[in-house]
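We name chains A, B, ... by the order of the sequence lines, and we start the count at 1 in each one. What you see is a predicted model; the values in this text were computed from it and never measured.
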Amino acid sequence: MNRLAIRNARVVDPVAGTLVEGGVLIEDGLLAAVGDVDDGLFRRSDAVADARGALVLPGLVDACAFAVDPAAAAAGGITTTLLMPDHAPPLDQPALIREIAAGRESLRVHPIAAATRGLAGQEMAELGLMKRAGAVAVATGRGWIADSGLMHRLLAYAAALDLVVVSHAEDAGLVRHAVATDGETATRLGLASAPAIAEAMAVARDLMLAEETGARLHFRQLSTAAALDLVRAAKRRGVRVTCGITPAHLLLSDTAIGPFRTFARLSPPLRSESDRAACLAAVADGTIDLLCSGHDPRGPEAKRLPYANAEPGMAGAATLLALALTLVRDGVIDLPRLAALLTAAPARLFGLASGTLAVGAPADVILVDDAAPWRIAAETLPGKAGNTPFDALPVQGRVLKTIKGGQPLG
Amino acid sequence: MPDPAPSPSPSPHAVPEGAHPFPYRHLLGIGGLRAYEIAYLLDEAEQWIALNRATAKHDDRLAGLTQINAFFENSTRTLLSFEIAGKRLGMDVVNMHAAQSSVKKGETLIDTAVTLNAMRPDMLVIRHDASGAVALIADKVDCPVLNAGDGRHEHPTQALLDALTIRRRVGRVEHSVVVICGDVLHSRVARSNILLLTTLGAEVRVVAPPTLLPPAIERMGVTVFTDFDAALEGAEVVMMLRLQLERMVGAFVPSPREYHALYGLTRERLRRAERNALVMHPGPMNRGIEITSDVADDLDRSAITEQVEMGVAVRMACLDVLTRGRRGVEGWA
């Protein structure tokens with residue numbers, strides 16, 4: 001039996017909502033004991049690590065990434081990634097799903113299937129077969145499904161399969177060629193923009209269809225007060241809806257795109273300061289269910305362009321936790337709640353065994369020095385690309401060790 | 001054309017003691033410029049007007065320098081104006097019609113910038129259809145870059161030539177009441193003019209159908225109207241914008257006929273403005289749509305051809321000022 005013990009830690013249990021001093025014991029890749037662990041167990045372990053007061057929490061479950069990027073994930077403490085279907089070719093075939101679901105040694109990867117063939121929003125893809133092949137959800141990808149009839153059928157069909165439908169909420173007719181949100185910044189920069197209600201318009205329709213069909217609907221990333229109000233009200237009515245957000249939309253407003261910073265070109269775009277404040281409030285009151293990285297590494301060929309020609313997307317995996325910790329320091333939420341948003345909540349939503357410190361669960365744990373200061377540097381970020389809108393930002397909180405299935409990574 | 005009034009008394013925006021009159025390497029926009037820096041460029045432009053009206057139009061102070069006009073978007077008037085400005089100062093001027101070649105967008109833009117830079121120009125004049133593209137190029141080259149229009153962002157020399165025209169015809173820019181009418185949403189001319197005129201202390205009103213007004217434009221310090229007649233009350237300058245005809249039907253406005261009825265500048269409508277109100281247009285005009293011919297051709301009111309003339313003077317001033325550091329002119333870094 002292979003035993004690894006970590007002691008002298010502060011253990012955050014996102015399911016119980018607790019923060020206790022103690023440690024964890026890992027046996028053969030599974031969690032054998034957690035919390036106030038008996039000293040005798042530590043002594044009998046093959047290896048004992050002294051956490052020196054660092055935090056121990058479950059490996060992060062990233063509910064939205066557009067690339068499998070093990071180096072960035074490990075650096076960010078992510079042990080489980082849900083992969084969006086936007087690939088070339090799109091993940092719309094069972095064989096492609098099966099290939100992705102096989103995972104990586106260093107990272108659990110759960111594919112999210114394309115809801116429509118080729119992500120074109122025209123015909124439903126083989127949802128049932130893709131679920132059997134290992135898809136944990138289906139998604140509309142980076143785009144919205146404009147055809148309400150198709151979306152209606154899709155939600156009804158997915159409901160029968162108990163598959164979560166992940167929707168991108170931006171009304172296509174309002175957005176068209178827009179690359180920013182309506183406001184002073186877009187006007188001063190002369191960028192094509194769309195009103196922020198484009199998001200609420202899409203959310204309102206999808207919510208009505210989800211309510212009608214009883215489907216489980218998840219909005220990948222919401223970013224406006226109006227959309228969050230709709231979700232809040234729908235939850236009260238019992239609609240099976242959830243939503244996520246990235247740290248970028250919590251920490252940055254549209255002023256961050258000036259002067260033409262393509263690293264801050266995101267989809268949905270960065271919003272006004274009042275929308276940003278509404279997002280923080282929605283995290284605090286529980287309307288927002290999870291935090292995700294939105295990891296979408298892009299190379300210079302997609303970003304070193306005039307703003308409107310650049311592709312939207314940011315590298316987010318390596319900085320997810322450090323940025324999210326600012327919510328704790330700013331008093332928006334407490335540490336166990338933050339851990340839940342990053343681990344237990346996405347795991348529960350998508351039916352995964354990860355994201356917990358329960359005894360017998362896979363030993364995906366991370367050690368975090370939540371006081372360690374560092375500075376985000378786009379050029380030295382690990383993984384595929386450094387297109388972060390947080391370049392040069394000083395942050396606090398560093399992942400010291402990422403352990404997946406009992407095996408330390410990196 | 002009536003003889004313009006002589007230049008007014010000393011500018012209220014004189015360069016403060018100890019300040020550099022124009023401490024920038026490039027001219028990428030009006031945004032960020034201070035009032036005295038704008039006034040300095042206008043003052044510099046004044047001196048070129050007389051030269052341009054003389055028979056011998058040469059001042060070879062920039063002889064030996066190379067100016068490349070890289071136009072990634074089609075333009076005849078602006079290109080010609082920059083070419084003439086460079087040549088009158090003695091520069092070797094090369095035009096690159098990038099809009100007709102394979103270089104349009106993508107990483108090739110930076111590649112093009114690097115390639116142009118390797119040819120060691122002393123001045124790059126760039127026009128591009130993407131907002132921010134000129135700044136992107138300026139980042140990659142060693143020589144001064146002049147923005148000749150980037151997307152719907154800025155067109156600084158147009159704003160300068162408009163201001164120079166106003167200053168000469170109205171006698172001042174500060175406290176003047178300027179109406180900008182038309183497709184403000186897609187207009188770089190409007191943005192640069194708003195920035196310049198508000199910086200110099202003019203009252204700026206923008207008027208357009210709501211579909212052609214940019215969001216939050218009032219935060220740029222202008223008053224917004226959708227009723228042209230109301231906007232014209234007390235106006236000293238009426239600046240009409242060119243309407244892109246492809247935006248005319250269905251998409252942004254219902255029809256040319258309706259646009260003309262609501263937003264076209266006619267002689268009758270102009271009566272609502274001040275008695276001697278100046279009419280301006282960056283050209284080329286859609287006669288009978290945004291402006292009627294009797295207004296456009298009225299030399300007492302219309303400054304449209306004078307704007308073109310001022311354009312050359314302003315561009316000569318910008319070329320001169322931006323290359324002073326390279327030429328080792330004393331006092332210029």
> Please flag which part of B/Leu185 lies under 4.5 Å from any non-hydrogen atom of chain A: side chain, backbone, both or neither.
neither
> Please state whether the side chain, the backbone, both or neither of A/Ala192 comes within less than 4.5 Å of a heavy atom of chain B.
both
> Among A/Ala308, A/Gly183, A/Pro259, single out the residue with the greatest number of heavy-atom pairs under 4.5 Å to chain B.
A/Gly183
> State the CZ-CD1 distance between A/Arg188 and B/Ile194, to the nearest 0.5 angstrom.
9.5 Å
> Which pair of non-hydrogen atoms, one from A/Thr187 and one from B/Ile217, has the smallest distance, and what is that distance?
CG2-CD1, 3.8 Å
> To the nearest 0.5 Å, what is the distance between CG on A/Asn309 and CG on B/Asp129?
7.5 Å
> Just how far is it from atom CG of B/Asp150 to atom CZ of A/Phe260, taken to the nearest 0.5 Å?
6.0 Å
> Do B/Ser131 side-chain atoms and A/Gly190 backbone N/O form a donor-acceptor pair below 3.5 Å?
yes
> Between B/Arg191 and chain A, with a heavy-atom cut-off of 4.5 Å, which part of the residue counts as in contact: side chain, backbone, both or neither?
side chain
> I'd like to know whether CE of A/Met208 has more than 12 heavy-atom contacts from other residues, nucleotides or ligands below 6.0 angstrom.
no
> Answer whether the closest heavy-atom distance between the side chains of A/Ser193 and B/Pro215 falls below 4.5 Å.
yes
> Can you tell if the side chain of B/Leu109 reaches within under 4.5 Å of the side chain of A/Arg304, non-hydrogen atoms only?
no
